[in-house]
Structure formats: structure tokens, C-alpha cells
Student: 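This is the structure I want to talk about, given as C-alpha cells.
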Number of protein chains: 2
Amino acid sequence: MSAATSICAVAVDVALLTVRDQRLHLLLVEPDDPVLAGLLALPGRRVRDDEGLDDAAHRALGELAGLQAPDAHLEQLRTYGEVSRDPRARVVSVAYLALTPTARAAPTHPGAGFLDVAALDAPGAPRLAYDHGRIVPDAIERARAKLEYTALATAFVTEPFTLAELRGVYEAVWGVALDPANFRRKVMGAAGFVLPVSGTAPPGRGGGRPARRYRRGPAQRLHPPMLRPER
Amino acid sequence: MSAATSICAVAVDVALLTVRDQRLHLLLVEPDDPVLAGLLALPGRRVRDDEGLDDAAHRALGELAGLQAPDAHLEQLRTYGEVSRDPRARVVSVAYLALTPTARAAPTHPGAGFLDVAALDAPGAPRLAYDHGRIVPDAIERARAKLEYTALATAFVTEPFTLAELRGVYEAVWGVALDPANFRRKVMGAAGFVLPVSGTAPPGRGGGRPARRYRRGPAQRLHPPMLRPER
DNA sequence: TCAATAGTGTCTTTTAGACATTATATG
DNA sequence: CATATAATGTCTAAAAGACACTATTGA
């Protein structure tokens with residue numbers, strides 16, 4: 001096998017999403033390369049010969065954002081392999097979608113931070129390095145779609161959680177308001193989505209009835225699904 | 001960067017599905033490597049430095065199965081990168097899901113052929129090389145799931161097609177029987193799924209009313225989705 | 001007390017599934 | 001004619017959405 005006919009670089013890029021202040025946020029970092037100054041990028045690393053792809057994704061989060069999230073939900077998004085997606089060399093990148101609850105998502109590295117995804121479409125949005133401007137919309141749409149037919153929303157909250165918190169996830173990711181009563185009935189009607197635990201969560205400053213607490217159920221897929229409004 | 005810290009092989013493996021005789025079939029080939037004699041494998045090739053991933057997938061179909069399917073539906077499934085998934089070397093494989101209508105799927109190479117996917121779970125099933133025994137169930141489940149909420153079923157039929165042919169796709173992929181009347185109403189109710197064209201298809205030998213013909217509509221996602229029975 | 005939020009009940013509209021009926025072909 | 005398949009209509013049960021009502025807290 002000659003060098004001219006085999007690819008010699010595999011990387012991972014991680015699109016980590018979380019919900020902050022009732023809005024969907026994306027983790028971005030400043031690239032190392034001074035050529036890319038002024039741009040932002042997804043945390044990404046070359047994959048080493050002795051590590052798996054998922055391991056490399058976790059390492060990228062730790063090394064570039066100072067984020068230790070061993071229990072974050074991590075799933076492959078797609079592999080981006082256009083010949084000239086990286087102008088310096090042929091690099092095939094395995095993109096990951098990561099989801100974490102807000103409390104566990106606190107980047108410590110300078111240059112790493114969360115950006116409201118709504119700001120990505122607004123004028124004055126930061127430009128993204130490489131082809132990350134294509135990866136990010138794919139990641140957001142994947143998250144939005146999987147909330148419908150999988151139990152993925154629970155990856156955004158810490159256990160135990162209330163149904164209001166879970167509803168807040170759906171509202172932030174989809175960008176819509178949902179009826180609390182109907183949301184409750186749909187969640188409870190999806191077998192194995194959430195399981196009740198003892199105790200209640202105290203109400204906020206304005207008062208209100210204490211909310212029951214739940215933890216993740218065994219279901220991966222939701223039957224019936226939680227369909228987005230406005231078909 | 002030293003060779004010890006960078007991966008030096010990217011491959012593609014293609015799981016091509018089609019419907020033959022009202023059943024879902026998978027394309028399999030005999031591996032080149034004599035060490036793997038007696039096993040079957042998905043068609044796969046190393047990715048060359050000067051070709052994209054999709055190009056490599058098409059090339060694998062052509063070179064290993066004699067299958068020219070430039071208009072087949074091709075989408076990434078997942079990238080398999082376990083450190084020792086290939087015992088000879090570290091190879092990261094981008095797995096593809098391909099879907100073709102029966103008429104266009106005629107492998108010409110010896111050793112290449114279609115296998116009823118039901119035979120994969122039966123006793124006496126052929127053993128698959130590498131980790132292809134893990135890729136194949138992922139591919140089948142992806143196809144089954146995407147029939148629910150995307151217009152992917154039309155990738156299995158040639159235009160123009162009848163609703164009975166489209167229903168046959170759902171029945172073969174899901175392995176269930178569907179009510180023709182209700183199926184029709186759901187298909188026609190999903191905006192942009194299929195569009196009528198002029199003319200009719202002649203009935204079979206036993207007679208019957210001629211069926212109207214349709215072509216693919218512009219919709220990628222189905223609203224509302226075609227949910228699988230037996231929730 | 002009122003305001004706020006959680007949780008339940010109920011009504012209406014929509015949708016899914018079962019299945020009868022009509023239309024148009026073959027033999 | 002009988003038989004087969006396409007296409008439409010109808011009925012019922014389930015589900016979705018709107019929203020009223022009750023429960024339990026903070027101020």
C-alpha cells in the first residue's frame with residue numbers, strides 16, 4: 001500500500017449541545033492554528049492508533065474545553081470526508097453529537113464557551129473553521145429529530161428531574177411552547193420514558209405546587225413518539 | 001506526527017438492501033483474502049486519497065459486485081472504529097446503507113449475491129467477516145426506522161410505481177401485512193410523498209382493476225409519519 | 001388573601017384501524 | 001359469470017389539542 005492511495009488522518013469533531021437559560025447552546029472553542037484566528041470551531045482531535053473513536057471524542061472535550069463529561073450522551077453524527085475539507089491535508093472527520101445537562105457542562109479552558117444556537121443564524125454570527133458550519137446544522141437537526149422518537153431529552157437533565165424541566169428541554173430544543181397538561185400525558189403515555197422517584201422538588205420564588213421527581217426509564221425509543229407541533 | 005499516533009487506513013463498507021420476491025435482501029460478497037474463505041462480507045474498499053467517501057462506496061459496489069448503481073440511494077450508516085475490529089491493521093470503516101429497486105440490482109461478479117435477511121437470523125446462517133455481523137443489523141434497523149418518518153421507501157421502487165408496489169416495500173422491510181385502503185390514505189395524506197402521473201399499470205394474470213401510477217414527491221420527511229403497527 | 005406552578009379532568013377535533021362497497025380488469 | 005385487485009366510503013375507537021378545574025406552595 002503506497003502513501004499515495006491511503007488516507008493518513010482520521011479526526012473527531014464534537015458538537016456538544018446543552019440547555020442554558022431555556023435556550024439551546026453549542027460548545028465552541030478557538031482553534032489552535034494561528035491561521036484560523038478569529039474563527040471558532042468544534043473541539044476536535046486526531047484519533048490515535050491506540051484509542052477508539054468514542055475515546056478520542058471524550059479526549060477532545062477534555063483537552064480543548066476542559067470538560068470532563070464521561071457520562072454525557074455521545075453518539076456519532078456523520079463522517080465528513082470531502083477531499084479538500086481541510087486545506088492542509090486529507091483529513092476524514094468523524095463528527096459526534098454530545099448532549100449534557102447544564103450543571104455538568106462548565107468549560108474551564110480559555111477560549112471555550114457556549115453560544116446560543118439562535119445566534120448562529122443571526123447577522124454578525126461567528127464564522128466557523130473548516131466545514132464546521134455544515135456539521136453544526138446537522139447536529140442541531142439530529143437532536144431536534146431524535147427528541148421526537150427517542151428518550152434522548154433525558155440526556156439534557158440531571159436525575160432526579162421534574163416534568164417541567166423535561167418540558168423545558170423540548171421547548172428549548174424545538175423553540176416552541178408546549179401545553180404542560182398535554183405534555184405530561186404524552187410523556188406518561190410513552191412506556192418506559194420516565195419512572196417516578198420519591199420526593200418532590202421545591203417550587204420557585206413565586207410559589208407553586210411542588211413537582212414530583214422522575215428518573216430515566218429503560219425505553220430507548222418512544223412509543224408513541226412525541227411529535228413536534230405544526231405539521 | 002509519527003506513524004504511531006495516526007491512523008493510516010480508512011475504508012468503506014456498503015450494506016445494500018433491495019426487495020426481491022416480496023422479501024428484504026442484502027448484497028454480500030466473498031472476501032478476497034483467502035484467510036477469510038467460507039465467510040461472507042459486505043462489499044468494502046479502502047478510500048483513496050483523491051476520492052470522497054461516497055465515491056469510494058460506489059466504487060466498492062462496482063468493483064466487488066459488478067453493480068453499477070449511480071442513482072441508488074446512498075447514506076452513511078455509522079463509522080466503525082474499534083481498535084482491533086480488523087486483526088491485521090487499524091482500519092476505520094465508514095459503513096454505508098444503500099437502497100436500490102430490484103430491477104437495477106443485478107450483481108454480475110461471481111461470489112456476489114443477495115441473501116434474504118431473514119436467513120441471517122436462522123440457524124445455518126452464513127458467518128460474516130470482520131465486524132460486519134454488527135453492521136448488518138444496524139443497517140436493517142436503520143432502513144426499518146427511516147421508512148416511518150422519511151420518504152425512503154420510494155428508493156426501493158422504479159418510477160413510475162403503483163401504491164401496491166410501495167406497500168409491498170413496507171410489508172417486505174417491516175415483515176408485516178398492511179391494509180391496502182388505510183395504507184393508501186396515509187400515503188396520500190403525507191404531503192409531497194408521491195405525485196400522480198398519467199396512465200395506469202396493467203393488472204396481473206388473475207385480473208383486477210388497473211392501478212394508477214405515481215412518482216416520488218419532493219418531501220424528504222413524512223408529515224404525518226407512517227408508523228409501524230403494533231406499538 | 002393572591003399569584004404561581006403542578007397535576008387532573010373533560011370536551012372537541014383529528015386520526016387510525018377494521019371493513020364494507022364500488023370500479024375495472026382477466027378468464 | 002366468478003374472481004381478483006384498485007380505489008372509495010363509513011363506522012368506531014383511540015389519540016391530540018384546547019382549556020377548565022383542583023392541589024399545593026410562596027409572598
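In the text below, chain A, chain B and the rest are named by the order of the sequence lines, each starting its count at 1.
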Student: What is the distance, to the nearest angstrom, from the CZ atom on B/F183 to the P atom on C/dG17?
Tutor: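 For the pair B/F183 CZ and C/dG17 P, the rounded distance is 13 Å.
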Student: What nucleotide, of C/dT8, C/dG7, D/dT8, holds the atom closest to the side chain of B/A181?
Tutor: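 For B/A181, the side-chain atoms sit closest to D/dT8.
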Student: Between B/Y96 and B/D54, is any side-chain donor less than 3.5 angstrom from a side-chain acceptor?
Tutor: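 Yes, side-chain donor-acceptor contact under 3.5 Å.
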Student: Show your reasoning for whether side chain to side chain contact (heavy atoms under 4.5 Å, CB included) applies to A/Q22 and A/E171.
Tutor: CA-CA 8 Å; A/Q22 304 277 54; A/E171 292 180 326; 5.5 Å; no
Student: What is the distance, rounded to the nearest whole Å, between atom CG of B/D179 and atom P of D/dA6?
Tutor: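 Taking CG of B/D179 and P of D/dA6, I get 12 Å after rounding.
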Student: Ring of A/F183, cation from A/R185 - is the NZ or CZ under 6.0 Å from the centre and inside 45° of the axis?
Tutor: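 Judged by the rule, A/R185 and A/F183 form no cation-pi pair.
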Student: Find the distance A/H223:NE2 to D/dA16:P and express it as a whole number of Å.
Tutor: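 To the nearest whole Å, that distance equals 14 Å.
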Student: In terms of the angle between their ring planes, are B/Y170 and B/W174 parallel, tilted or perpendicular, with boundaries placed at 30° and 60°?
Tutor: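 Plane angle over 60°, so perpendicular.
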Student: Just how far, in rounded Å, is C1' of C/dT5 from CZ of A/R209?
Tutor: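 It is 10 Å, rounded to the nearest whole Å.
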Student: Could you tell me the separation between the CD atom of A/E165 and the P atom of C/dG7, rounded to a whole number of Å?
Tutor: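 Computing the A/E165:CD to C/dG7:P distance gives 11 Å.
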Student: Rounded to whole angstroms, how far apart are CG on B/N182 and P on D/dT10?
Tutor: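 Interatomic distance, CG of B/N182 to P of D/dT10: 15 Å.
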Student: Judged by each residue's nearest nucleotide on DNA chain C, which is more toward the 5′ side, A/L163 or A/G206?
Tutor: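 Final value for this comparison: A/G206.
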Student: Ignoring hydrogens and angles, answer whether the base of C/dG7 and the side-chain atoms of A/R185 contain a donor-acceptor pair closer than 3.5 Å.
Tutor: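 No, no donor-acceptor pair under 3.5 Å.
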Student: Between C/dG17 atom P and B/R184 atom CZ, what is the distance in whole Å?
Tutor: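 My rounded result for the distance is 17 Å.
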Student: From CZ of A/R212 over to P of D/dA23, roughly how many Å is that when rounded to an integer?
Tutor: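 Taking atom P of D/dA23 as the reference, CZ of A/R212 is at 13 Å.
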Student: Check every strand shown and say whether B/A164 touches a base, only sugar-phosphate, or nothing at a heavy-atom separation below 4.0 Å.
Tutor: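 Sugar-phosphate contact only.
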Student: Side chain of B/P210: nearest nucleotide among C/dG17, D/dT25, C/dA25?
Tutor: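 Per side-chain heavy atoms of B/P210, the pick is C/dA25.
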Student: Assuming nearest nucleotide by heavy-atom distance, tell me which of B/R205 and A/R213 is located more 5' along DNA chain C.
Tutor: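 It is A/R213 whose nearest nucleotide is closer to the 5' end.
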Student: Taking the cut-offs as 6.0 angstrom to the six-membered ring centre and 45 degrees off its axis, would you call B/R78 and B/Y80 a cation-pi pair?
Tutor: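 Satisfied, under 6.0 Å and within 45°.
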